[in-house]
Amino acid sequence: MAAIRLYDTRSGELRQLVASPDGSIGIYACGPTVYGRIHVGNARPFVVNSLLKRFLAHEGHDVTLVVNITDVNDKIYDAARAMGVPSADLAAEMGAHYIADTDALGLGRPDSEPLASETIEPIVSLIAELIERGHAYVVDGDVYFRVRSDPQYGSLSRRSIDAMNQGEGVEGAERKEDPLDFALWKAHKEGEDTVWSAPWGRGRPGWHIECSAMAEQKLGVGFQIHGGGNDLVFPHHENEAAQTRMARDRELAQIWMHNGMLQFGEEKMAKSVGNVMPLHEVLDDVGRNALIMLFVGAHYRQPMAFDDMRLMEALARVARVRDAARGLVDGESPAEMRHLRDAFFEALRQDFNTPAALAAMFDWIKEANKREEPVGRADLVEMLAVLGLQNLAEHGSEAGAEEQELLDQREDARAAGDYAEADRLRDELRGHGWEVRDSSAGPELVRVEQ
RNA sequence: GGCGCCGUGGCGGAGUGGCUACGCAGCGGCCUGCAAAGCCGUUUACUCCGGUUCGAAUCCGGACGGCGCCUCCA
(Lines give C-alpha, C1' and ligand atoms only; values in the text may rest on other atoms or scores of the structure.)
Protein backbone atom coordinates (compact mmCIF):
# COMPACT_ATOMS: atom_id res chain seq x y z
CA MET A 1 0.00 0.00 0.00
CA ALA A 2 1.50 3.32 -1.07
CA ALA A 3 2.37 5.79 1.67
CA ILE A 4 -0.04 8.65 2.27
CA ARG A 5 1.22 11.82 3.86
CA LEU A 6 -0.83 14.55 5.46
CA TYR A 7 0.12 17.85 7.01
CA ASP A 8 -0.18 17.69 10.79
CA THR A 9 -0.84 21.00 12.53
CA ARG A 10 0.74 19.83 15.76
CA SER A 11 4.14 18.88 14.35
CA GLY A 12 3.97 21.44 11.58
CA GLU A 13 5.03 18.95 8.97
CA LEU A 14 3.87 16.22 6.65
CA ARG A 15 3.37 12.96 8.50
CA GLN A 16 2.75 9.53 7.14
CA LEU A 17 -0.72 8.25 7.83
CA VAL A 18 -0.52 5.08 9.88
CA ALA A 19 -3.64 2.93 9.94
CA SER A 20 -4.70 0.87 12.95
CA PRO A 21 -3.24 -2.62 13.18
CA ASP A 22 -6.47 -3.91 11.65
CA GLY A 23 -6.04 -1.53 8.71
CA SER A 24 -8.82 0.82 9.67
CA ILE A 25 -8.68 4.58 9.78
CA GLY A 26 -10.78 6.81 12.00
CA ILE A 27 -11.53 10.41 11.15
CA TYR A 28 -13.27 12.78 13.52
CA ALA A 29 -14.28 16.24 12.33
CA CYS A 30 -16.02 18.99 14.22
CA GLY A 31 -19.43 19.62 12.78
CA PRO A 32 -21.81 22.52 13.15
CA THR A 33 -23.47 24.11 16.11
CA VAL A 34 -27.08 24.01 15.03
CA TYR A 35 -28.54 27.41 15.76
CA GLY A 36 -28.95 28.49 12.12
CA ARG A 37 -28.57 27.28 8.55
CA ILE A 38 -25.02 26.48 7.57
CA HIS A 39 -23.14 28.53 5.00
CA VAL A 40 -20.78 27.54 2.16
CA GLY A 41 -17.79 28.02 4.41
CA ASN A 42 -19.10 25.30 6.68
CA ALA A 43 -19.40 23.04 3.66
CA ARG A 44 -15.67 23.05 2.96
CA PRO A 45 -14.65 20.70 5.80
CA PHE A 46 -17.68 18.54 5.09
CA VAL A 47 -16.57 18.16 1.47
CA VAL A 48 -12.89 17.76 2.30
CA ASN A 49 -13.57 15.04 4.85
CA SER A 50 -16.05 13.22 2.65
CA LEU A 51 -13.64 13.20 -0.26
CA LEU A 52 -10.70 12.28 1.94
CA LYS A 53 -12.70 9.30 3.12
CA ARG A 54 -13.41 8.29 -0.47
CA PHE A 55 -9.75 8.57 -1.34
CA LEU A 56 -8.59 6.54 1.65
CA ALA A 57 -11.19 3.89 0.88
CA HIS A 58 -9.94 3.83 -2.69
CA GLU A 59 -6.45 3.23 -1.31
CA GLY A 60 -7.75 0.15 0.43
CA HIS A 61 -8.52 1.39 3.92
CA ASP A 62 -11.57 0.75 6.00
CA VAL A 63 -12.50 4.30 6.96
CA THR A 64 -14.90 5.53 9.63
CA LEU A 65 -15.85 9.20 9.44
CA VAL A 66 -17.44 10.78 12.48
CA VAL A 67 -18.85 14.30 12.34
CA ASN A 68 -20.57 15.55 15.44
CA ILE A 69 -23.47 17.93 15.79
CA THR A 70 -23.36 20.41 18.66
CA ASP A 71 -26.92 20.77 19.84
CA VAL A 72 -26.37 22.21 23.33
CA ASN A 73 -24.68 25.58 23.39
CA ASP A 74 -25.01 29.20 24.47
CA LYS A 75 -25.72 30.31 20.92
CA ILE A 76 -28.59 27.90 20.64
CA TYR A 77 -30.05 29.18 23.91
CA ASP A 78 -29.68 32.77 22.71
CA ALA A 79 -31.21 32.13 19.31
CA ALA A 80 -34.08 30.09 20.72
CA ARG A 81 -34.82 32.71 23.34
CA ALA A 82 -34.90 35.40 20.67
CA MET A 83 -37.36 33.33 18.67
CA GLY A 84 -39.39 32.33 21.66
CA VAL A 85 -39.06 28.60 21.07
CA PRO A 86 -37.60 25.79 23.18
CA SER A 87 -33.88 25.44 22.50
CA ALA A 88 -34.23 21.72 21.87
CA ASP A 89 -36.80 22.43 19.18
CA LEU A 90 -34.56 24.94 17.47
CA ALA A 91 -31.61 22.57 17.62
CA ALA A 92 -33.73 19.76 16.16
CA GLU A 93 -35.02 21.98 13.38
CA MET A 94 -31.61 23.36 12.44
CA GLY A 95 -30.10 19.90 12.77
CA ALA A 96 -32.59 18.66 10.20
CA HIS A 97 -31.72 21.58 7.92
CA TYR A 98 -28.05 20.75 8.27
CA ILE A 99 -28.69 17.16 7.24
CA ALA A 100 -30.79 18.24 4.27
CA ASP A 101 -28.36 20.96 3.18
CA THR A 102 -25.36 18.64 3.26
CA ASP A 103 -27.36 15.79 1.69
CA ALA A 104 -27.75 18.12 -1.28
CA LEU A 105 -23.99 17.95 -1.75
CA GLY A 106 -24.59 14.38 -2.84
CA LEU A 107 -21.59 12.97 -1.01
CA GLY A 108 -23.43 10.68 1.37
CA ARG A 109 -23.46 10.93 5.15
CA PRO A 110 -20.62 10.49 7.61
CA ASP A 111 -20.66 7.05 9.23
CA SER A 112 -21.69 8.53 12.53
CA GLU A 113 -23.11 11.90 13.55
CA PRO A 114 -23.31 11.98 17.33
CA LEU A 115 -25.25 14.64 19.21
CA ALA A 116 -23.87 16.29 22.30
CA SER A 117 -27.23 15.87 24.00
CA GLU A 118 -27.02 12.12 23.51
CA THR A 119 -23.48 11.82 24.81
CA ILE A 120 -23.98 13.27 28.28
CA GLU A 121 -22.98 10.15 30.16
CA PRO A 122 -19.57 9.77 28.52
CA ILE A 123 -19.04 13.50 28.94
CA VAL A 124 -19.82 13.35 32.65
CA SER A 125 -17.54 10.40 33.24
CA LEU A 126 -14.71 12.05 31.33
CA ILE A 127 -15.09 15.17 33.46
CA ALA A 128 -15.21 13.01 36.60
CA GLU A 129 -11.93 11.41 35.59
CA LEU A 130 -10.32 14.82 35.11
CA ILE A 131 -11.53 15.96 38.52
CA GLU A 132 -10.26 12.79 40.14
CA ARG A 133 -6.86 13.21 38.54
CA GLY A 134 -6.61 16.80 39.68
CA HIS A 135 -6.86 18.34 36.24
CA ALA A 136 -10.26 19.89 36.85
CA TYR A 137 -12.05 21.52 39.78
CA VAL A 138 -15.57 22.40 40.78
CA VAL A 139 -16.64 25.94 41.64
CA ASP A 140 -20.29 26.64 42.41
CA GLY A 141 -21.46 23.84 40.15
CA ASP A 142 -19.18 24.84 37.28
CA VAL A 143 -16.26 22.61 36.42
CA TYR A 144 -13.06 24.07 35.00
CA PHE A 145 -10.09 22.47 33.35
CA ARG A 146 -6.80 23.33 35.05
CA VAL A 147 -4.84 24.37 32.00
CA ARG A 148 -1.46 24.71 33.68
CA SER A 149 -1.68 21.15 34.93
CA ASP A 150 -1.04 20.02 31.36
CA PRO A 151 2.64 20.55 30.62
CA GLN A 152 1.95 20.12 26.93
CA TYR A 153 -0.84 22.64 26.73
CA GLY A 154 -0.22 24.84 23.70
CA SER A 155 1.59 22.15 21.75
CA LEU A 156 -1.13 21.84 19.12
CA SER A 157 -1.42 25.51 18.28
CA ARG A 158 2.26 25.95 19.06
CA ARG A 159 1.96 28.89 21.30
CA SER A 160 3.31 29.45 24.74
CA ILE A 161 0.91 29.66 27.66
CA ASP A 162 2.59 32.77 28.98
CA ALA A 163 2.20 34.58 25.70
CA MET A 164 -1.53 34.07 25.69
CA ASN A 165 -3.94 36.81 26.41
CA GLN A 166 -5.32 36.39 29.85
CA GLY A 167 -8.94 35.98 28.89
CA GLU A 168 -10.15 38.85 31.01
CA GLY A 169 -13.75 39.80 31.16
CA VAL A 170 -14.90 36.35 30.21
CA GLU A 171 -17.80 35.01 32.19
CA GLY A 172 -16.75 33.08 35.23
CA ALA A 173 -13.35 34.74 35.28
CA GLU A 174 -13.59 35.55 38.95
CA ARG A 175 -14.34 31.92 39.81
CA LYS A 176 -11.44 30.40 37.93
CA GLU A 177 -8.11 29.63 39.55
CA ASP A 178 -6.40 30.85 36.44
CA PRO A 179 -7.80 32.99 33.63
CA LEU A 180 -6.58 30.38 31.16
CA ASP A 181 -8.83 27.68 32.59
CA PHE A 182 -11.92 26.84 30.60
CA ALA A 183 -15.32 25.35 31.41
CA LEU A 184 -15.95 21.63 31.15
CA TRP A 185 -19.39 21.92 32.71
CA LYS A 186 -21.60 24.95 33.18
CA ALA A 187 -24.01 25.06 36.11
CA HIS A 188 -27.62 25.57 35.17
CA LYS A 189 -28.60 29.20 34.80
CA GLU A 190 -31.97 30.91 34.78
CA GLY A 191 -33.56 30.75 31.34
CA GLU A 192 -31.68 27.70 30.10
CA ASP A 193 -34.24 25.09 29.18
CA THR A 194 -32.07 22.00 28.85
CA VAL A 195 -30.32 20.57 31.86
CA TRP A 196 -28.65 17.34 32.96
CA SER A 197 -27.56 15.96 36.30
CA ALA A 198 -23.98 15.35 37.29
CA PRO A 199 -22.32 14.47 40.60
CA TRP A 200 -21.28 18.12 41.05
CA GLY A 201 -24.68 19.53 40.16
CA ARG A 202 -27.17 20.18 37.41
CA GLY A 203 -26.06 21.90 34.25
CA ARG A 204 -24.75 21.13 30.80
CA PRO A 205 -21.45 20.40 29.11
CA GLY A 206 -19.00 22.96 27.80
CA TRP A 207 -18.15 23.02 24.15
CA HIS A 208 -14.72 21.41 24.10
CA ILE A 209 -15.41 18.42 26.30
CA GLU A 210 -18.22 17.12 24.14
CA CYS A 211 -15.87 16.56 21.23
CA SER A 212 -13.34 14.71 23.37
CA ALA A 213 -16.13 12.47 24.62
CA MET A 214 -17.85 11.88 21.29
CA ALA A 215 -14.62 11.20 19.45
CA GLU A 216 -13.51 8.72 22.08
CA GLN A 217 -16.89 7.05 22.20
CA LYS A 218 -17.03 6.52 18.45
CA LEU A 219 -13.39 5.97 17.55
CA GLY A 220 -11.51 5.33 20.76
CA VAL A 221 -8.47 7.35 21.77
CA GLY A 222 -5.57 7.62 19.35
CA PHE A 223 -7.46 7.50 16.09
CA GLN A 224 -5.80 8.67 12.90
CA ILE A 225 -7.16 12.05 11.84
CA HIS A 226 -8.90 14.88 13.61
CA GLY A 227 -10.15 17.56 11.26
CA GLY A 228 -11.90 20.88 11.17
CA GLY A 229 -11.47 24.47 10.10
CA ASN A 230 -8.22 26.13 11.07
CA ASP A 231 -10.12 28.64 13.14
CA LEU A 232 -10.73 25.79 15.57
CA VAL A 233 -7.07 25.09 16.24
CA PHE A 234 -7.18 27.39 19.21
CA PRO A 235 -8.81 27.16 21.60
CA HIS A 236 -11.18 24.37 20.63
CA HIS A 237 -8.79 21.68 19.44
CA GLU A 238 -6.07 22.67 21.87
CA ASN A 239 -8.56 22.12 24.67
CA GLU A 240 -9.87 18.87 23.26
CA ALA A 241 -6.35 17.55 23.00
CA ALA A 242 -5.51 18.63 26.55
CA GLN A 243 -8.62 17.05 28.06
CA THR A 244 -8.03 13.66 26.53
CA ARG A 245 -4.30 13.76 27.17
CA MET A 246 -4.83 14.44 30.86
CA ALA A 247 -7.69 11.98 31.30
CA ARG A 248 -6.32 9.10 29.24
CA ASP A 249 -2.54 9.63 29.12
CA ARG A 250 -2.76 9.37 25.36
CA GLU A 251 -3.08 11.72 22.45
CA LEU A 252 -6.61 11.93 21.07
CA ALA A 253 -5.51 11.82 17.44
CA GLN A 254 -2.34 11.17 15.45
CA ILE A 255 -2.79 13.83 12.84
CA TRP A 256 -4.56 17.15 13.27
CA MET A 257 -5.74 18.28 9.87
CA HIS A 258 -7.13 21.75 9.32
CA ASN A 259 -8.72 23.31 6.30
CA GLY A 260 -8.34 26.95 5.30
CA MET A 261 -11.12 29.49 5.41
CA LEU A 262 -13.32 30.57 2.58
CA GLN A 263 -12.75 34.22 1.79
CA PHE A 264 -15.63 36.38 0.75
CA GLY A 265 -14.28 39.70 -0.37
CA GLU A 266 -11.19 40.41 1.67
CA GLU A 267 -12.27 38.61 4.78
CA LYS A 268 -13.06 35.12 5.86
CA MET A 269 -16.66 34.11 5.52
CA ALA A 270 -18.13 33.88 8.99
CA LYS A 271 -21.36 34.49 10.75
CA SER A 272 -19.55 36.87 13.05
CA VAL A 273 -18.43 38.94 10.07
CA GLY A 274 -21.90 38.78 8.56
CA ASN A 275 -20.77 37.92 5.04
CA VAL A 276 -22.16 34.43 4.79
CA MET A 277 -23.73 32.71 1.80
CA PRO A 278 -26.11 29.97 2.88
CA LEU A 279 -25.12 26.59 1.48
CA HIS A 280 -28.58 25.77 0.20
CA GLU A 281 -28.74 29.01 -1.79
CA VAL A 282 -25.41 28.36 -3.45
CA LEU A 283 -26.48 24.82 -4.32
CA ASP A 284 -29.78 26.03 -5.75
CA ASP A 285 -27.91 28.62 -7.74
CA VAL A 286 -25.02 26.77 -9.23
CA GLY A 287 -25.41 23.09 -8.36
CA ARG A 288 -23.31 20.69 -6.33
CA ASN A 289 -20.99 19.78 -9.19
CA ALA A 290 -19.68 23.31 -9.50
CA LEU A 291 -19.33 23.77 -5.76
CA ILE A 292 -17.35 20.56 -5.36
CA MET A 293 -15.26 21.46 -8.41
CA LEU A 294 -14.57 24.82 -6.77
CA PHE A 295 -13.47 23.19 -3.52
CA VAL A 296 -11.13 20.68 -5.15
CA GLY A 297 -9.64 23.42 -7.32
CA ALA A 298 -7.57 24.72 -4.42
CA HIS A 299 -5.51 22.90 -1.82
CA TYR A 300 -7.57 22.27 1.30
CA ARG A 301 -5.18 24.12 3.58
CA GLN A 302 -5.15 27.33 1.59
CA PRO A 303 -7.63 30.11 2.13
CA MET A 304 -10.01 30.10 -0.82
CA ALA A 305 -11.63 32.96 -2.65
CA PHE A 306 -15.35 32.54 -3.05
CA ASP A 307 -17.30 34.69 -5.48
CA ASP A 308 -19.39 34.46 -8.62
CA MET A 309 -16.41 34.46 -10.93
CA ARG A 310 -14.84 31.47 -9.15
CA LEU A 311 -18.15 29.67 -9.34
CA MET A 312 -18.45 30.35 -13.06
CA GLU A 313 -14.93 29.03 -13.60
CA ALA A 314 -15.80 25.90 -11.68
CA LEU A 315 -18.89 25.49 -13.81
CA ALA A 316 -16.75 25.77 -16.95
CA ARG A 317 -14.47 23.04 -15.63
CA VAL A 318 -17.46 20.85 -14.92
CA ALA A 319 -18.67 21.37 -18.47
CA ARG A 320 -15.27 20.44 -19.87
CA VAL A 321 -15.23 17.19 -17.94
CA ARG A 322 -18.77 16.32 -18.93
CA ASP A 323 -18.11 17.12 -22.60
CA ALA A 324 -15.02 14.95 -22.56
CA ALA A 325 -16.87 12.10 -20.85
CA ARG A 326 -19.58 12.25 -23.48
CA GLY A 327 -17.09 11.19 -26.09
CA LEU A 328 -15.89 8.12 -24.20
CA VAL A 329 -17.01 4.52 -24.46
CA ASP A 330 -17.56 1.94 -21.75
CA GLY A 331 -14.62 -0.16 -20.76
CA GLU A 332 -10.96 -0.02 -19.85
CA SER A 333 -8.87 3.03 -20.64
CA PRO A 334 -5.76 2.86 -22.83
CA ALA A 335 -2.68 1.56 -21.04
CA GLU A 336 -0.61 4.45 -22.47
CA MET A 337 -2.79 6.85 -20.48
CA ARG A 338 -2.39 4.94 -17.24
CA HIS A 339 0.43 7.19 -16.00
CA LEU A 340 -1.95 10.14 -15.95
CA ARG A 341 -4.41 8.25 -13.79
CA ASP A 342 -1.51 7.25 -11.54
CA ALA A 343 -0.39 10.86 -11.26
CA PHE A 344 -3.86 11.78 -10.08
CA PHE A 345 -3.75 9.39 -7.14
CA GLU A 346 -0.12 10.11 -6.34
CA ALA A 347 -1.01 13.79 -6.00
CA LEU A 348 -3.67 12.88 -3.46
CA ARG A 349 -1.16 10.83 -1.49
CA GLN A 350 0.88 13.98 -1.02
CA ASP A 351 -1.21 15.91 1.48
CA PHE A 352 -4.41 15.38 -0.46
CA ASN A 353 -3.35 17.73 -3.21
CA THR A 354 -6.60 17.94 -5.15
CA PRO A 355 -5.56 20.77 -7.52
CA ALA A 356 -2.50 18.80 -8.60
CA ALA A 357 -4.70 15.72 -8.99
CA LEU A 358 -7.14 17.74 -11.04
CA ALA A 359 -4.29 18.85 -13.31
CA ALA A 360 -3.50 15.18 -13.96
CA MET A 361 -7.15 14.51 -14.67
CA PHE A 362 -7.28 17.34 -17.18
CA ASP A 363 -4.13 16.02 -18.81
CA TRP A 364 -5.94 12.71 -19.13
CA ILE A 365 -8.94 14.47 -20.64
CA LYS A 366 -6.85 16.36 -23.15
CA GLU A 367 -5.20 13.13 -24.24
CA ALA A 368 -8.58 11.41 -24.55
CA ASN A 369 -9.97 14.28 -26.61
CA LYS A 370 -7.04 14.07 -28.97
CA ARG A 371 -7.44 10.43 -29.75
CA GLU A 372 -9.25 9.39 -32.89
CA GLU A 373 -10.05 5.89 -31.72
CA PRO A 374 -12.63 5.28 -28.95
CA VAL A 375 -11.29 5.75 -25.43
CA GLY A 376 -12.59 3.69 -22.50
CA ARG A 377 -13.94 5.67 -19.58
CA ALA A 378 -12.78 3.46 -16.68
CA ASP A 379 -9.87 5.65 -15.55
CA LEU A 380 -11.87 8.84 -15.67
CA VAL A 381 -14.74 7.31 -13.74
CA GLU A 382 -12.30 6.08 -11.10
CA MET A 383 -10.82 9.55 -10.67
CA LEU A 384 -14.16 11.29 -10.66
CA ALA A 385 -15.60 8.88 -8.11
CA VAL A 386 -12.98 9.90 -5.57
CA LEU A 387 -13.98 13.51 -6.12
CA GLY A 388 -17.65 12.67 -5.79
CA LEU A 389 -18.19 13.74 -9.39
CA GLN A 390 -18.74 10.39 -11.07
CA ASN A 391 -22.11 11.65 -12.28
CA LEU A 392 -20.20 13.73 -14.84
CA ALA A 393 -19.30 10.55 -16.64
CA GLU A 394 -22.77 9.13 -16.60
CA HIS A 395 -25.07 9.34 -19.56
CA GLY A 396 -27.04 12.52 -19.41
CA SER A 397 -30.79 12.73 -19.54
CA GLU A 398 -32.41 12.55 -22.95
CA ALA A 399 -34.08 15.58 -24.43
CA GLY A 400 -37.87 15.55 -24.45
CA ALA A 401 -40.11 15.07 -27.46
CA GLU A 402 -40.60 18.80 -27.82
CA GLU A 403 -36.88 19.44 -28.05
CA GLN A 404 -36.45 16.54 -30.43
CA GLU A 405 -39.14 18.05 -32.66
CA LEU A 406 -37.37 21.43 -32.66
CA LEU A 407 -34.13 19.71 -33.56
CA ASP A 408 -35.80 17.90 -36.45
CA GLN A 409 -37.28 21.17 -37.68
CA ARG A 410 -33.83 22.72 -37.57
CA GLU A 411 -32.42 19.87 -39.62
CA ASP A 412 -35.17 20.42 -42.19
CA ALA A 413 -34.40 24.13 -42.30
CA ARG A 414 -30.72 23.42 -42.75
CA ALA A 415 -31.40 20.94 -45.50
CA ALA A 416 -33.50 23.60 -47.21
CA GLY A 417 -30.72 26.12 -46.80
CA ASP A 418 -32.83 28.30 -44.51
CA TYR A 419 -30.07 29.07 -42.03
CA ALA A 420 -31.88 32.00 -40.46
CA GLU A 421 -34.65 29.65 -39.38
CA ALA A 422 -32.15 26.98 -38.37
CA ASP A 423 -30.33 29.45 -36.12
CA ARG A 424 -33.59 30.68 -34.65
CA LEU A 425 -34.49 27.11 -33.72
CA ARG A 426 -31.07 26.63 -32.23
CA ASP A 427 -31.60 29.70 -30.06
CA GLU A 428 -35.00 28.42 -29.06
CA LEU A 429 -33.50 25.12 -27.97
CA ARG A 430 -30.93 27.00 -25.94
CA GLY A 431 -33.81 28.69 -24.19
CA HIS A 432 -35.02 25.21 -23.29
CA GLY A 433 -31.63 24.47 -21.77
CA TRP A 434 -30.25 22.44 -24.64
CA GLU A 435 -27.28 23.18 -26.81
CA VAL A 436 -27.03 21.91 -30.36
CA ARG A 437 -23.76 20.41 -31.47
CA ASP A 438 -23.33 19.36 -35.06
CA SER A 439 -20.87 16.66 -35.90
CA SER A 440 -20.19 14.31 -38.75
CA ALA A 441 -22.55 11.89 -37.01
CA GLY A 442 -25.36 14.40 -37.08
CA PRO A 443 -26.70 16.93 -34.60
CA GLU A 444 -26.67 16.22 -30.89
CA LEU A 445 -28.53 17.87 -28.02
CA VAL A 446 -26.40 18.61 -25.00
CA ARG A 447 -27.78 19.81 -21.71
CA VAL A 448 -26.41 23.25 -20.86
CA GLU A 449 -24.44 23.17 -17.60
CA GLN A 450 -26.61 24.79 -14.93
C1' G B 1 1.98 42.93 20.57
C1' G B 2 2.46 37.08 20.31
C1' C B 3 1.86 32.66 17.15
C1' G B 4 0.97 30.73 12.23
C1' C B 5 0.13 30.89 6.94
C1' C B 6 0.85 33.29 2.38
C1' G B 7 2.80 36.82 -1.79
C1' U B 8 3.36 32.78 -8.98
C1' G B 9 1.57 34.80 -15.93
C1' G B 10 -5.08 38.89 -17.48
C1' C B 11 -7.67 35.88 -13.42
C1' G B 12 -7.70 31.36 -10.30
C1' G B 13 -4.17 27.95 -8.67
C1' A B 14 -0.21 23.67 -8.05
C1' G B 15 4.79 22.53 -7.90
C1' U B 16 10.14 21.72 -8.32
C1' G B 17 17.19 23.84 -6.80
C1' G B 18 18.44 23.30 -13.43
C1' C B 19 13.61 19.97 -17.58
C1' U B 20 9.11 26.52 -16.50
C1' A B 21 1.45 22.16 -14.01
C1' C B 22 -3.59 22.66 -14.75
C1' G B 23 -8.17 25.45 -15.35
C1' C B 24 -10.75 30.02 -16.84
C1' A B 25 -10.52 34.27 -20.03
C1' G B 26 -8.16 36.61 -24.65
C1' C B 27 -6.00 36.31 -29.54
C1' G B 28 -4.72 33.46 -34.27
C1' G B 29 -5.56 28.90 -36.96
C1' C B 30 -8.04 23.98 -38.24
C1' C B 31 -13.04 22.05 -38.33
C1' U B 32 -18.26 24.07 -39.20
C1' G B 33 -23.41 26.96 -43.58
C1' C B 34 -22.46 29.97 -39.12
C1' A B 35 -21.74 28.36 -34.33
C1' A B 36 -20.80 25.13 -30.21
C1' A B 37 -17.48 21.28 -28.66
C1' G B 38 -12.55 19.63 -29.79
C1' C B 39 -7.51 20.13 -31.53
C1' C B 40 -3.00 23.26 -32.72
C1' G B 41 -0.45 27.78 -31.77
C1' U B 42 0.00 32.11 -28.74
C1' U B 43 1.45 37.21 -24.66
C1' U B 44 5.93 33.24 -20.82
C1' A B 45 4.95 34.39 -14.30
C1' C B 46 7.09 33.59 -9.73
C1' U B 47 6.74 41.09 -4.20
C1' C B 48 11.57 43.60 -3.19
C1' C B 49 16.81 43.53 -1.30
C1' G B 50 20.92 40.69 0.22
C1' G B 51 23.26 35.68 0.80
C1' U B 52 24.37 30.25 -0.32
C1' U B 53 25.11 27.71 -5.18
C1' C B 54 28.02 26.23 -11.40
C1' G B 55 22.71 27.52 -11.30
C1' A B 56 16.95 29.90 -7.10
C1' A B 57 10.92 31.80 -8.41
C1' U B 58 12.25 27.08 -5.47
C1' C B 59 17.23 27.09 0.30
C1' C B 60 18.86 31.08 4.20
C1' G B 61 18.42 36.27 6.18
C1' G B 62 15.97 40.93 5.95
C1' A B 63 12.14 44.39 4.13
C1' C B 64 7.31 45.35 2.43
C1' G B 65 2.28 43.62 1.72
C1' G B 66 -2.03 40.33 2.67
C1' C B 67 -4.72 36.76 5.62
C1' G B 68 -5.90 33.69 9.95
C1' C B 69 -5.75 32.71 15.25
C1' C B 70 -4.92 34.86 20.17
C1' U B 71 -12.93 36.05 22.03
C1' C B 72 -18.07 32.67 19.45
C1' C B 73 -16.63 31.04 14.47
C1' A B 74 -15.73 25.37 9.60
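Here is the naming used below: chain letters follow the sequence lines, and residue numbers restart at 1 for every chain.
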Ionic contact status for A/Asp78 with A/Lys75, cut-off 4.0 Å: no

Sugar-phosphate only, base, or nothing, as touched by A/Asp323 at under 4.0 Å among non-hydrogen atoms: sugar-phosphate

Distance, P atom - from B/U53 to B/C3, rounded to whole angstrom: 31 Å

Footprint string (nucleotides 15-33 of chain B, 5' to 3'): B base within contact, S backbone only, - free, heavy atoms under 4.0 Å: S-----BSBS--------B

Dot-bracket line, read 5' to 3' along RNA chain B, where crossing pairs take [ ] and | marks a partner on another strand, Watson-Crick or G-U under 3.5 Å: (((((((..(((.....[...))).(((((.......)))))....(((((..]....))))))))))))....

Nearest to side-chain heavy atoms of A/Leu232, which nucleotide of B/C70, B/C11, B/C73: B/C73

Rounded distance in Å - CG (A/Leu52) to C1' (B/A74): 16 Å

Sugar-phosphate, base or nothing in reach of A/Gly260, heavy atoms under 4.0 Å: base

Touch class at under 4.0 angstrom, heavy-atom based, for A/Ala298 against every strand present: sugar-phosphate

A/Arg320 charged N/C atom sitting above A/Phe362 aromatic ring, 6.0 Å / 45°: no

Sugar-phosphate only, base, or nothing, as touched by A/Leu262 at under 4.0 Å among non-hydrogen atoms: base

A/Pro45, nearest nucleotide to its side chain (from B/A74, B/C11, B/C70): B/A74

Sugar-phosphate, base or nothing in reach of A/Asn42, heavy atoms under 4.0 Å: base

Same-atom distance (P) from B/G12 to B/C70, integer angstrom: 27 Å

A/Met312 CE: over 12 foreign heavy atoms closer than 6.0 Å: yes

Parallel, tilted or perpendicular: rings of A/Phe145 and A/Phe182 (30°, 60°): parallel

Crowding at CD, A/Glu373 (>12 non-hydrogen neighbours, <6.0 Å): yes

Closest nucleotide among B/C70, B/A37, B/C67 to the A/Arg159 side chain: B/C70

Nearest-nucleotide pick for A/Asp231, side chain only, options being B/G4, B/A74, B/A37: B/A74

Aromatic ring pairing A/Tyr153/A/Phe234, orientation class (parallel under 30°, perpendicular over 60°, tilted between): perpendicular

Pairing of A/Asp142 and A/Lys176 as salt bridge, 4.0 angstrom limit: no

Salt bridge A/Glu59-A/Arg349, side-chain N to carboxylate O under 4.0 Å: yes

B/C22 versus B/G15 - spacing of their C1' atoms, nearest Å: 11 Å

Parallel, tilted or perpendicular: ring planes of A/Phe46 versus A/Tyr98, cut at 30 and 60 degrees: perpendicular

Base B/C73 paired with A/Lys268 side chain (donor-acceptor, <3.5 Å): yes

A/Trp207 CH2 to B/U71 P, straight-line distance once rounded to whole Å: 12 Å

Nearest-neighbour nucleotide for the A/Asn369 side chain, B/A14, B/G38, B/C70 considered: B/G38

Sugar-phosphate only, base, or nothing, as touched by A/Ser157 at under 4.0 Å among non-hydrogen atoms: sugar-phosphate

Touch class at under 4.0 angstrom, heavy-atom based, for A/Gly228 against every strand present: sugar-phosphate

Euclidean distance, atom CD of residue A/Glu238 to atom P of B/G68 [Å, nearest integer]: 21 Å

Aromatic contact, A/His258 with A/His237 (centres under 6.0 Å): yes

Whole-Å P distance, B/C40 and B/A21: 15 Å

Cationic N near anionic O, under 4.0 Å, A/Asp193 to A/Arg81: no

Proximal nucleotide (of B/A74, B/C6, B/C70) relative to the A/Lys271 side chain: B/A74

Most 5' of A/Tyr35 and A/Val436 on RNA chain B, judged by nearest nucleotide: A/Val436

Nearest-nucleotide comparison on RNA chain B, the residue closer to the 5′ end among A/Tyr7 and A/Lys370: A/Tyr7

